[in-house]
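Here the structure comes first, spelled out in structure tokens, and everything after it is commentary.
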Amino acid sequence: MTGRPERLFPLFAGLETLPGVGPKTARLLANLHVATPKDLLLTLPTGGVDRTPVASIRDAALPGVVTVTVIVGRHLPPASRNRPYRIEVEDARTTFQVVYFRGAPDVHARLLPTGQRRILSGKVELYDGVAQMPHPDHVLAEGEALPAFEPVYPLTTGITSRVMARAVAGALERVPGLEEWIDPGLMAERNWPAFAEALHGAHHPQEARDLTPGAPSRERLAYDELFAHQLTLALARSSERRRRGIATEGDGRLRRKVLDGLPFAPTAAQKRAIDEIAQDMGMPRRMNRLLQGDVGSGKTLVALMALLTAVEAGGQGVLMAPTEILARQHAEGLRPLAEAAGVVLELLTGRDKGRERQAKLDALSQGRINILVGTHAVFQRDVVFADLRLAVIDEQHRFGVRQRMLLGEKNRATDVLVMTATPIPRSLALTQYGDMDLSVLDEKPPGRTPVTTATVPVSRMDDVVAKLRTAVAEGRQAYWVCPLVEESEVVDTTSAEERFRSLCAALGEGIVGLVHGQMPPADKDAAMADFVAGRTSVLVATTVIEVGVNVPNASIMVIERAETFGLAQLHQLRGRVGRGAAASTCLLMYKAPLGETAEARLRILRESEDGFRISEEDLALRGAGDVIGTAQSGLPRFRIADLERQTGLMALASSDARALLSADPEMNGPRGQAARMLLWLTEQDRALRLLSVG
Ligand code: ADP
Ligand code: MG
């Protein structure tokens with residue numbers, strides 16, 4: 001990575017080089033995430049005060065901020081210590097008082113000498129029928145001017161708006177003229193100003209409207225941020241795609257065999273996704289694709305078709321699940337299908353040890369296993385494939401981006417398909433997975449019964465248990481999910497164990513099973529197996545059953561303390577029922593009283609089963625970081641762009657970034673060079689590294 005262009009040096013200099021900024025102010029600015037003049041420029045005003053002058057305070061609505069020219073009258077020093085210092089002033093039509101509760105009298109006297117003309121700006125209020133302006137914001141001599149609309153900055157202790165304004169003014173003077181990186185057509189269509197002009201405009205709002213996200217200056221700067229981010233992802237994507245891969249083309253033989261054996265036909269969405277993936281795998285480059293689909297949309301079948309394609313081509317495939325339970329379930333579900341087509345499918349988890357494990361590894365490295373299903377265990381160094389063509393990662397959010405990279409290191413040519421059941425909103429999908437190609441299952445298989453969702457206060461626990469007893473007597477099965485009391489598995493475990501005991505007491509021995517993350521693996525398996533086989537009717541669980549578990553006969557989902565769960569998580573949990581023919585119910589138990597947001601969230605769930613809608617609402621209620629889980633999301637922090645409200649802008653930035661790179665992959669053309677400058681400005685180091693390695 002060659003160094004930062006010299007033209008940008010002044011914007012990356014120390015903050016102390018700005019007017020009015022000393023070491024102390026610089027330190028305080030760090031609290032606003034401001035480390036350089038550039039950061040300061042991207043810290044926009046959050047509000048503004050109208051300081052348009054009026055002839056008299058009588059022309060203004062009181063109480064309110066007024067800017068008015070006055071003649072200073074008598075000074076009325078306080079009669080006693082704790083009374084205020086007052087100064088009479090006269091504007092064009094009336095008199096009022098300037099009031100100081102603090103400060104030295106001689107300072108007031110110097111600021112407002114009797115008989116002089118001054119411009120005052122500050123809040124005027126009526127006190128006992130007398131108008132007064134306590135502590136004016138501004139006192140100016142005649143001839144000095146105030147901006148008619150004064151920006152208000154996000155402040156931190158020790159930093160006043162005035163300090164901010166002065167430092168920003170200094171930083172603005174340093175903005176060099178830069179070539180335009182935004183498409184000219186888009187600029188014209190949106191009425192966006194050039195970069196330097198936009199900065200100037202955003203820091204000098206003329207009216208309240210200039211502070212809204214849609215104001216041209218602010219919108220342009222938001223777009224710059226999104227565009228820089230999307231350029232990084234697009235560069236990552238195109239460098240991935242340039243990597244050599246293997247063209248994996250099957251003859252369709254195995255896929256046809258499996259499809260013919262199924263009691264149903266794939267949905268149109270599944271067919272589309274299967275084709276997209278097969279086509280991508282057939283290209284001599286590396287596939288990096290996301291399969292997005294709501295719970296129950298049938299992602300597993302799509303994955304299987306892709307894995308079979310790898311096998312048809314003489315290679316191997318691996319399917320990775322986030323938990324032991326899921327890996328096991330995938331293996332058990334897929335093995336009969338695979339075997340019917342003469343394909344060898346094996347399971348590898350952390351539980352495989354010693355000689356058995358070694359036998360599996362040998363079979364794998366000799367190509368005697370066609371499809372491997374497993375957990376993180378498949379990442380281990382000694383797991384060697386004869387010819388790995390495709391890795392499918394189920395429920396990606398549990399693995400995180402880092403593992404995706406790890407996998408890349410295991411076999412650089414392997415095609416990657418990531419499946420996510422969290423239907424994240426499009427803007428977030430672009431943010432998090434903008435470097436991937438996307439297939440979407442936007443349709444559910446027919447014959448699903450809708451799930452009736454109801455909310456019940458925990459105080460009605462007895463009713464719920466009584467209903468459960470009736471349902472169990474009718475042969476129905478239920479999940480009972482225990483509260484996520486803390487982010488501590490130990491605490492959750494205790495509450496699950498307690499609930500297990502109380503339900504055993506209420507419903508009878510042998511009817512209730514228990515599964516949680518702290519149990520020995522064999523016990524977990526046994527509990528799951530009992531429930532799947534119908535030997536137990538109720539399964540008490542922590543969120544370990546959140547993803548993927550498929551027991552079609554289960555038609556009741558009880559979630560305790562639903563208000564403590566995330567919306568996406570509740571949707572996932574509810575997705576465990578409604579898989580069979582029976583009408584299903586989801587009971588969301590909450591502890592009253594519910595807060596406003598919690599109530600809104602539970603209402604959304606009652607009203608909708610559409611994962612995409614739920615995720616959009618979730619985003620609106622919670623904010624972007626939370627929807628994905630900030631810690632592992634790797635979501636960028638945007639200073640100006642608002643991910644929640646500017647989703648269209650993100651989509652635009654994404655397609656524009658891809659278009660720029662397809663026209664100018666090395667970013668050497670005029671617009672490409674200009675956009676490089678944007679990458680430097682926004683410190684997109686990853687993009688710059690990718691560009692420098694070519
Ligand atoms: P998810 O997308 O949540 O992983 P699954 O792949 O587990 O969904 O599918 C959920 C259920 O739907 C499974 O029981 C599966 O056999 C069934 N299924 C998948 N595709 C279809 C289809 N086209 N028609 C009917 N049922 C289907
Ligand atoms: Mg699944």
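Along the sequence shown, residues carry numbers from 1. Whatever order the structure lists them in is the order used to number ligands and atoms, beginning at 1.
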Could you establish whether A303 and ligand 1 come within less than 4.0 Å of each other, counting only heavy atoms on the residue side? no
Take every heavy atom of D294, measure it against each atom of ligand 1, and state whether any distance is under 4.0 Å. yes
Closer than 4.0 Å to some heavy atom of T300 - which atoms of ligand 1 meet that? 4 (O), 5 (P), 6 (O), 7 (O)
Within a distance under 4.0 Å of any heavy atom of P445, pick out the atoms of ligand 1 and give their elements. 20 (N), 21 (C), 22 (C), 24 (N), 25 (C), 26 (N), 27 (C)
Close side-chain approach of F500 and W480, heavy atoms under 4.5 Å: no
Under a 3.5 Å threshold, yes or no: a donor from one side chain and an acceptor from the other, between T455 and R606? yes
Assess whether atom CD of Q366 is packed by more than 12 heavy atoms of other residues, nucleotides or ligands within 6.0 Å. yes
Is there a polar contact, in the sense of an N or O pair closer than 3.5 Å, between P446 and ligand 1? no
Classify the contact between Q270 and ligand 1 as side chain, backbone, both or neither, using a heavy-atom distance cut-off of under 4.0 Å. side chain
Those residues that, when tested against K467, pass salt bridge (charged side-chain N to carboxylate O under 4.0 Å, His left out) (two or more places apart): none
Enumerate the atoms of ligand 1 whose separation from the nearest heavy atom of P266 is less than 4.0 angstrom. 23 (N)
For G296 and ligand 1, answer yes if some heavy atom of the residue is under 4.0 Å from a ligand atom, otherwise no. yes
Could you list which atoms of ligand 1 come closer than 4.0 Å to a heavy atom of T267? 23 (N)
Yes or no on side chain to side chain contact (heavy atoms under 4.5 Å, CB included) for L503 and V465, after CA distance, side-chain angles and deciding distance? CA-CA 8 Å; L503 286 178; V465 173; 4.0 Å; yes
A265 heavy atoms, cut-off 4.0 Å: which ligand 1 atoms fall inside? 22 (C), 23 (N), 24 (N)
Tell me every residue that passes salt bridge (charged side-chain N to carboxylate O under 4.0 Å, His left out) with R469, counting only those two or more places apart in sequence or in another chain. none
Can you confirm whether E607 is buried at CD, in the sense that more than 12 heavy atoms of other residues, nucleotides or ligands lie under 6.0 Å from that atom? yes
Distance-only N or O hit between ligand 1 and L301, under 3.5 Å: no
How long is the gap from CD1 on I393 to CE on M320, to the nearest 0.5 Å? 4.5 Å
